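Quantities reported herein were computed from a predicted structural model and do not represent experimental measurements. Throughout, protein chains are lettered first and strands after them, A, B, ... in sequence-line order, and every chain is numbered starting at 1. For the numbers below, each heavy atom of this structure counts, side chains included, while hydrogens, waters and symmetry mates do not.
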Amino acid sequence: MIDVRRIRTEFDEVHAALARRGGDVASEAAAVRELDEQLRVLVQRRDDLRAQVNQVSKDVGTLRRDGKVAEAEAKQAESRALGEQEKELAAASADLEGQIRDLLLRIPNLPHPDVPDGATDADNPVRRVVGYDEAAYAEHQRVPHWEIGERLGILDIERAVKISGSMFTMFRGQGATLSRALCQLALDNNADAFEEIRPPTLVLSSTLTATGQLPKFADDAYAIERDDLWAIPTAEVPLTSIGKDEILDEAALPLRFMAYSPCYRREAGSAGRDTRGLLRVHEFDKVEILAYTTPAQAPAMLDELVQRAERTIASLGLAYRVIEICTGDLGQSHHRSFDIEVYAPGVGQWLEVSSISWFSDYQARRANIRYRPEGEKGTQMIHTLNGSALAVPRVWAAIVETHHQPDGTVRIPEPLLPYMRGATSLG
RNA sequence: GGAGGGAUGGCAGAGUGGACGAUUGCAACGGUCUUGAAAACCGUCGGGGUGCAAGCCCCCGGGGGUUCGAAUCCCCCUCCCUCCGCCA
């Protein structure tokens with residue numbers, strides 16, 4: 001949520017920043033400005049009335065103590081009349097406040113000035129490509145992971161669909177071990193600086209609102225309506241809300257958290273896309289890394305998170321590229337974002353395996369997470385940043401395809417060996 | 001799921017209708033004293049809105065109600081504790 005005071009005091013700048021995203025942002029921001037102006041007038045009048053009621057009520061107490069009953073009763077009548085008016089104004093301003101909040105929750109974050117302009121994901125600039133040479137892939141690496149997986153008995157999509165329906169998958173044997181090994185590696189690679197969390201994976205509506213999935217993107221999440229709970233689409237959701245409604249000391253920042261969790265996505269609207277294999281599934285495992293920072297610490301943290309995600313991917317011997325997200329493709333809550341994509345030679349596609357984002361104070365304001373700047377009065381919103389350290393299915397697919405051997409086995413990348421019970425290859 | 005008891009500032013803990021945004025203690029911060037520290041003493045010490053400011057307004061788990069006036073009385077909800085039930 002952007003600060004309503006910015007809409008109030010620097011409307012043109014806010015409007016221009018939002019306009020860079022494309023689409024119709026003008027009407028919502030203008031509506032907020034309009035309602036906010038009305039609200040401030042109402043609130044001023046309401047508070048004046050309250051002050052009068054408070055004063056008169058004090059007088060009543062004094063008069064009664066002094067035994068001046070008739071005067072007290074007159075004051076009571078006066079206060080009662082003022083109270084009626086106050087009640088009306090209070091109801092009107094509460095209604096306006098609700099309208100403003102509903103609008104603000106749907107207005108996206110302002111892009112960072114350095115975010116490149118663009119309309120769609122086709123305009124996202126590639127910042128660097130590492131280890132990729134299309135001509136270097138041999139024929140045996142051109143086999144899709146679902147063929148290799150089924151043949152080796154490490155991937156069983158058919159039975160997963162029998163159990164849970166389309167777009168659910170199941171790893172078996174060494175495939176399941178590989179999945180778990182990837183999570184373990186990602187956690188161990190970041191354990192030097194990040195506190196490991198095992199968060200709840202079912203959360204309240206308020207929690208899903210804090211990170212930005214609600215109210216606008218309810219269709220993308222699984223809901224357990226009977227208990228008013230939602231299945232998390234990413235560990236970002238519970239991790240971000242760890243500090244909800246808290247005020248932190250500046251000295252405590254940055255705070256870093258990491259978590260392995262399953263992630264649940266309805267993938268509404270993506271029917272027919274990437275339907276084969278592991279490319280797009282309803283449930284998958286991911287290790288997320290996340291930080292709370294001061295505004296000043298945020299840019300360096302964004303770099304650090306990208307480097308950490310990159311390092312793990314690189315260590316697995318996969319070709320990858322880093323893409324910066326342009327204004328038109330930037331997620332609602334994002335201030336600035338980078339994606340890491342690995343190349344999967346069997347399917348001949350770049351697969352997004354990590355999205356690293358800086359949210360400025362957009363999520364912090366929704367979750368009400370603040371800190372006390374040292375040597376200053378008052379509090380400020382923190383900044384949140386997060387990214388996938390590793391998302392399992394697509395990395396699993398890229399490994400199986402990239403390291404597929406001529407004899408049909410799959411070589412296990414060296415960093416995963418400690419977690420594979422002595423195996424050096426799959427199959 | 002059933003019964004009972006709770007929820008007040010960083011923590012502990014008073015306050016049960018009127019000058020209480022809140023006694024007090026601890027912690028923290030600044031100062032005096034000290035070679036330094038401790039102790040003692042003095043002072044500061046929750047958050048938010050609005051306003052140039054003075055000020056005014058809001059917040060005692062959340063929401064609603066009663067009243068001239070609510071931390072205090074009433075209703076609903078959430079969470080915590082104890083006991084029972086169930087259970088990995």
Side-chain angles (χ1 to χ4, degrees), chain A residues 1-11 32-104 198-210 224-230 238 241-253 255 262 361 364-382:
Chain A
M1 188 155 73
I2 58 179
D3 190 343
V4 69
R5 282 171 295 196
R6 292 190 68 182
I7 292 182
R8 198 141 74 207
T9 60
E10 30 185 311
F11 181 80
V32 168
R33 182 169 65 165
E34 172 79 14
L35 293 174
D36 179 61
E37 280 173 13
Q38 295 175 25
L39 176 64
R40 288 191 335 170
V41 172
L42 273 182
V43 162
Q44 189 55 54
R45 287 169 52 199
R46 181 200 66 188
D47 287 355
D48 286 348
L49 276 172
R50 283 183 178 173
Q52 290 180 52
V53 169
N54 288 344
Q55 185 53 53
V56 172
S57 295
K58 278 185 184 175
D59 294 345
V60 170
T62 310
L63 290 167
R64 285 212 176 272
R65 193 166 45 247
D66 297 345
K68 299 174 179 167
V69 177
E71 284 177 57
E73 279 174 2
K75 285 278 186 187
Q76 278 178 224
E78 181 189 343
S79 181
R80 191 164 24 228
L82 290 168
E84 297 296 326
Q85 298 175 47
E86 189 275 342
K87 216 168 184 175
E88 281 175 32
L89 286 175
S93 46
D95 179 57
L96 266 183
E97 276 167 17
Q99 288 181 46
I100 291 169
R101 183 175 167 81
D102 288 349
L103 280 169
L104 282 175
R198 174 40 250 228
T201 57
L202 299 179
V203 300
L204 300 168
S205 296
S206 54
T207 306
L208 210 59
T209 303
I224 296 153
E225 290 182 34
R226 188 171 67 171
D227 297 297
D228 187 30
L229 289 169
W230 302 77
S241 282
I242 284 177
K244 185 173 162 62
D245 293 327
E246 294 188 28
I247 301 171
L248 308 166
D249 289 330
E250 178 168 8
L253 299 172
L255 275 175
D361 61 4
R365 182 164 290 104
R366 296 166 85 107
N368 189 28
I369 311 172
R370 293 169 291 170
Y371 76 102
R372 271 180 236 281
E374 267 166 45
E376 285 178 43
K377 274 178 43 177
T379 57
Q380 267 189 43
M381 294 294 166
I382 62 151

Worksheet entry | Inter-nucleotide P distance (G9(B), C59(B)), Å rounded | 15 Å
Fill in: RNA chain B: 5'-proximal contact among Q76(A) and K58(A) (nearest heavy atom)
K58(A)
Worksheet entry | Distance in angstrom units between N368(A) CG and C59(B) P, rounded | 17 Å
Discussion item. Holding to side-chain hydrogen bond (donor to acceptor under 3.5 Å, both in side chains), I want the full list of residues that pass it with R64(A), two or more places apart in sequence or in another chain.
Written reply: Q76(A)
Discussion item. Tell me which nucleotide, if any, is Watson-Crick or G-U wobble paired with U82(B) when both distances must be under 3.5 Å.
Written reply: A3(B)
Worksheet item: Heavy-atom count around K58(A) NZ within 6.0 Å, excluding the residue itself: above 12?
Response: no
Worksheet item: Considering every strand shown, what is the Watson-Crick or G-U wobble mate of A27(B) when both distances are under 3.5 Å?
Response: none
Worksheet item: Quick one: which of R370(A), R365(A), R366(A) gives a side-chain hydrogen bond (donor to acceptor under 3.5 Å, both in side chains) with N368(A)?
Response: R370(A)
Response to the item:
Between R372(A) and K75(A), the residue closer to the 5' end of RNA chain B by nearest nucleotide is R372(A)
Worksheet item: Does A53(B) pair with anything, Watson-Crick or G-U wobble, both distances under 3.5 Å, and if so, with which nucleotide?
Response: none
Discussion item. Under the rule for side-chain hydrogen bond (donor to acceptor under 3.5 Å, both in side chains), what residues qualify as partners of E73(A), not counting sequence neighbours?
Written reply: none
Discussion item. Work out how far the P atom of G1(B) is from that of U8(B), and round it to whole angstrom.
Written reply: 25 Å
Discussion item. Using the P atom as the point on both nucleotides, what is the distance between C26(B) and G21(B), in whole Å?
Written reply: 25 Å
Fill in: C1'-based separation of C11(B) from G64(B) [nearest Å]
32 Å
Worksheet item: P atom, C29(B) versus U34(B): distance in rounded Å?
Response: 22 Å
Discussion item. I want to check one thing: is the phosphate of C68(B), taken as OP1 and OP2, less than 4.0 Å away from some side-chain N or O of R64(A)?
Written reply: no
Worksheet item: Should the heavy atoms of other residues, nucleotides or ligands under 6.0 Å from CZ of R6(A) be counted, would the total exceed 12?
Response: no
Fill in: Q44(A): side-chain hydrogen bond (donor to acceptor under 3.5 Å, both in side chains) partners, not counting sequence neighbours
D48(A)
Fill in: Nearest-angstrom distance, P atom, G47(B) to C83(B)
38 Å
Discussion item. Measuring to OP1 and OP2 of G65(B), would you say a side-chain N or O of K87(A) lies under 4.0 angstrom away?
Written reply: no
Discussion item. Please report the distance, rounded to the nearest Å, between CD in E246(A) and P in G61(B).
Written reply: 18 Å
Worksheet entry | Within residues 77-84 of chain A, residues whose heavy atoms come under 4.0 Å of RNA chain B | S79(A), R80(A)
Worksheet item: What integer number of Å spans the P atoms of A7(B) and G62(B)?
Response: 13 Å
Worksheet item: Within this structure, what is the CG-to-P distance between D228(A) and C79(B), rounded to whole angstrom?
Response: 11 Å
Worksheet item: Which atom pair, heavy atoms only, marks the closest approach of P373(A) to Q380(A)?
Response: CG-NE2, 3.9 Å
Worksheet entry | Contacts of type salt bridge (charged side-chain N to carboxylate O under 4.0 Å, His left out), residue D47(A), not counting sequence neighbours | none
Discussion item. I need the CD-C1' distance between E250(A) and A28(B), as an integer number of Å.
Written reply: 17 Å
Worksheet item: Which distance, rounded to the nearest 0.5 Å, do you find between the CD of Q52(A) and the OG of S79(A)?
Response: 9.5 Å
Discussion item. Distance check needed: G10(B) C1' versus D245(A) CG, whole Å only.
Written reply: 16 Å
Practice prompt. Could you work out the separation of A27(B) and A12(B) based on their P atoms and round it to a whole Å?
Written response: 15 Å
Worksheet entry | N/O donor-acceptor pair under 3.5 Å between D3(A) side chain and R5(A) backbone | yes
Worksheet entry | Footprint string (nucleotides 50-56 of chain B, 5' to 3'): B base within contact, S backbone only, - free, heavy atoms under 4.0 Å | SS----S
Worksheet item: Rounded to whole angstrom units, what separation is found between the CG atom of D249(A) and the P atom of C29(B)?
Response: 11 Å
Response to the item:
Rounded to the nearest 0.5 angstrom, the CD1-CG distance for I7(A) and D36(A) is 8.0 Å
Practice prompt. Starting at atom CD of E97(A), determine the distance to atom C1' of C57(B), rounded to an integer number of angstrom.
Written response: 12 Å
Worksheet item: Please give, in whole Å, the distance from G69(B) C1' to E73(A) CD?
Response: 15 Å
Practice prompt. Scan V60(A) against the nucleic acid and name what it touches under 4.0 Å (heavy atoms): base, sugar-phosphate only, or nothing.
Written response: base
Fill in: Mate of A39(B) where both pairing distances stay under 3.5 Å, Watson-Crick or G-U
none
